[in-house]
**Student:** 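Okay, here's the structure, questions in a sec.
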Amino acid sequence: MKVFKFGGASINSIERIKNTGGIISAYKGEKLLVIISAMGKTTNALEKVVDAFVNGRKDDALQLFEQVKESHMNIVKYLIKLNWQTTENHLKDFFTEVEWLLHDKPVREYDYYYDQIVCCGELLSTSLVSNYLNEIGIKNKWIDVRDIVRTDDNYRDAYIDWNYTRQKVKADIEPLFTDVDIVITQGFIGATDENESTTLGREGSDFSAAIFANIMDAELQTIWKDVEGVMNADPKEFPDAVIIEELSYREVVEMAYYGAQVIHPKTIKPLENKNIPLHVRCFIKPELKGTVISNKPVHDLPPVIVIKRNQVLMELASKDFSFVEEKPLGLLHEMFAKIKIRPNLMQNGAISLICCLDDKTEKIEKLALAASEIFDVQLEKNLTLLTIRHYTGEKIGELTAGKKIVLEQKTTETIQVLMR
Ligand code: ASP
Ligand code: MG
């Protein structure tokens with residue numbers, strides 16, 4: 001069997017939903033587990049609902065949610081000819097789930113409400129697409145993934161309970177394939193043992209698909225996107241960016257680590273562990289091969305460029321000219337873990353050390369405050385971190401021209417340059 005994941009852009013209009021149906025129907029006779037993201041920008045819209053609700057602007061929250069409802073109802077109206085009543089009723093169940101909550105007063109933490117509200121994006125989109133496909137003869141079964149994927153209650157970044165989830169997939173999902181070839185469900189969401197909805201982090205559907213692929217020993221996983229494959233740089237910034245046809249798991253993990261927005265970083269491990277190839281393909285041009293990611297080592301890659309803006313340089317100097325030794329270093333690492341922030345670069349010196357971090361203001365402030373107990377702390381903001389894998393002297397020169405280099409680190413494969 002194969003696992004397919006369709007991103008939100010693949011179903012953001014009637015045309016696109018039909019196109020996605022076309023892609024799925026081309027796999028007639030094959031067993032497919034299909035995961036579909038929330039439609040278009042629905043997740044962002046739902047985040048606004050959460051903001052309004054948690055900040056006590058209940059009417060705004062309801063109003064914003066009304067827009068989400070309307071956009072889905074509109075699609076049903078023009079897309080679904082026969083099953084519209086069943087579809088509408090199903091969507092209304094999810095509307096009610098959210099509205100019921102919006103009528104309450106917020107008493108719990110932000111992240112909890114986030115997950116209860118935002119999860120409805122994928123429930124709506126998958127229900128809608130499933131009903132549409134059944135209507136046009138692509139028989140499928142829809143599943144609420146919250147009955148299958150069990151997580152802890154670390155809302156917004158929930159951790160999978162693999163044992164429970166595996167057991168549920170074996171007991172409740174695999175048998176469905178004796179009756180239908182296609183099972184449609186949600187990515188990105190799960191539930192706790194108390195049936196509270198959870199989410200796995202933005203763009204988490206890629207990871208969900210990999211969880212299913214791993215448990216069901218899929219022959220491959222395909223992520224259908226609006227780009228032609230994985231590229232060596234962001235084409236919006238680098239018009240000469242090229243598609244890379246083959247990549248290794250290792251390379252993709254490295255790219256994700258340095259901040260390339262290719263695939264959700266957690267996606268690779270479950271696939272690598274079972275040696276399941278990952279295809280990244282374009283739903284607009286399904287005739288293209290896209291990118292294949294597997295355990296095969298790939299040589300002669302072009303320079304892979306990742307740019308991270310909004311970087312903060314934090315300089316931590318010992319207060320009394322003593323060396324920065326194990327103890328203060330250990331304490332600093334404890335602070336990173338506690339605040340849940342990971343330096344993108346670090347360099348030790350005799351009486352100071354410097355690290356480069358994403359500018360998540362709240363976390364940076366917490367860290368600076370905690371660190372100031374043992375160090376003199378200085379911050380510089382608005383820096384850019386350039387990473388080039390498989391670099392060449394020429395590329396480095398081209399990309400750093402006219403910039404002031406603040407810090408540079410290099411291995412045989414990767415160079416990182418922090419620039420002003
Ligand atoms: N809909 C969620 C998001 O936009 C999850 C996903 O698409 O993977 O982040
Ligand atoms: Mg997405």
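Here the structure is a predicted model, which means the values were calculated and not measured. All ligand and atom numbering here is 1-based and tracks the order in the structure.
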**Student:** In this structure, does ligand 1 have an atom that sits under 4.0 Å from one of the heavy atoms of G121?
**Tutor:** no

**Student:** Cut-off 3.5 Å, no hydrogens considered: what does the side-chain donor-acceptor table look like for residues 395-402, sequence neighbours left out?
**Tutor:**
| from | atom 1 | to | atom 2 | distance (Å) |
| --- | --- | --- | --- | --- |
| K395 | NZ | E398 | OE1 | 3.3 |
| K395 | NZ | E398 | OE2 | 3.2 |
| T400 | OG1 | I396 | O | 2.7 |

**Student:** Classify the contact between H264 and ligand 1 as side chain, backbone, both or neither, using a heavy-atom distance cut-off of under 4.0 Å.
**Tutor:** neither

**Student:** Looking only at distance, does G204 have an N or O less than 3.5 Å from an N or O of ligand 1?
**Tutor:** yes

**Student:** For E30, I'd like to know if atom CD has over 12 heavy atoms of other residues, nucleotides or ligands within 6.0 Å.
**Tutor:** yes

**Student:** Should E203 be counted as touching ligand 1, given the test is an N or O pair under 3.5 Å?
**Tutor:** yes

**Student:** Within the side chain of Y113, is there an N or O that forms a donor-acceptor pair under 3.5 Å with the backbone of L101?
**Tutor:** no

**Student:** Can you confirm, on distance only, whether ligand 1 has an N/O atom lying under 3.5 Å from any N/O atom belonging to S205?
**Tutor:** yes

**Student:** Please assess T198 against T192 for the test side chain to side chain donor-acceptor pair (under 3.5 Å), listing each intermediate value before the final yes or no.
**Tutor:** CA-CA 7 Å; T198 52; T192 67; over 6 Å; no

**Student:** Within ligand 1, which atoms have a heavy atom of R202 less than 4.0 Å away?
**Tutor:** 3 (C), 4 (O), 9 (O)

**Student:** List ligand 1 atoms under 4.0 Å from F188, heavy atoms only on the residue side.
**Tutor:** 2 (C), 5 (C)

**Student:** Between E47 and R202, is the closest basic N to carboxylate O distance under 4.0 Å?
**Tutor:** yes

